[in-house]
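Written out below as structure tokens is the structure these notes cover.
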Amino acid sequence: MTRKEAVKRVAELSRTLRDYQHAYYVASRPLVSDKDYDALFDQLLVLEKEFPELSAPDSPTRRVGSDLTQELPEVAIQSPS
């Protein structure tokens, strides 16, 4: 894969993965299976390893946590005594 092709594919994968993350974590409506998501995520990891300069600080591969919906109330959990 050329660098030019990698730039295009990294942008495409990043955009797609962000859309899938939003649908899963915020909208609670997954668009793809975990297997399909993981395959795309792994493709992005490989490209970022091969072309480290294309690994952006906001890449889905660098993201920790999620944008979980705030609709569910927080519940205090008590430890057994």
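What you see is a predicted model; the values in this text were computed from it and never measured.
The CG atom of Leu44 sits 13.5 Å away from atom NZ of Lys49, with the distance rounded to the nearest 0.5 Å.
Under a 4.0 Å N-O distance rule, the pair Glu53/Arg3 qualifies as a salt bridge.
For Glu5, the salt bridge (charged side-chain N to carboxylate O under 4.0 Å, His left out) test picks out no residue, with sequence neighbours left out. Shown here are the side chain to side chain donor-acceptor pair (under 3.5 Å) partners of Asp36, two or more places apart in sequence or in another chain: Ser33. Residues passing the side chain to side chain contact (heavy atoms under 4.5 Å, CB included) test with Ala6 are Met1, Leu47, Phe51, Leu54, sequence neighbours excluded. Among residues two or more places apart in sequence or in another chain, the side chain to side chain donor-acceptor pair (under 3.5 Å) test is passed with Gln21 by Tyr37. A search for salt bridge (charged side-chain N to carboxylate O under 4.0 Å, His left out) contacts involving Asp34 returns nothing, not counting sequence neighbours.
Note on Phe41 and Tyr25: separate hydrophobic clusters, where clusters join Ile, Leu, Val, Met, Phe, Trp and Tyr whose side-chain heavy atoms are under 4.5 Å apart, directly or indirectly. Linking Ile, Leu, Val, Met, Phe, Trp and Tyr whenever their side-chain heavy atoms come within less than 4.5 Å leaves Val26 and Val32 in two separate clusters.
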Name every donor-acceptor pair, under 3.5 Å, that has one atom in a side chain of residues 9-17 and the other anywhere in the protein, sequence neighbours excluded.
{"residue": "Arg9", "atom": "NH1", "partner": "Glu12", "partner atom": "OE2", "Å": "2.1"}
{"residue": "Arg9", "atom": "NH2", "partner": "Gln43", "partner atom": "OE1", "Å": "2.6"}
{"residue": "Ser14", "atom": "OG", "partner": "Val10", "partner atom": "O", "Å": "2.9"}
{"residue": "Thr16", "atom": "OG1", "partner": "Glu12", "partner atom": "O", "Å": "2.9"}

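For Ala56 against Arg62, the heavy-atom pair with the smallest separation is O-CD, 3.2 Å.
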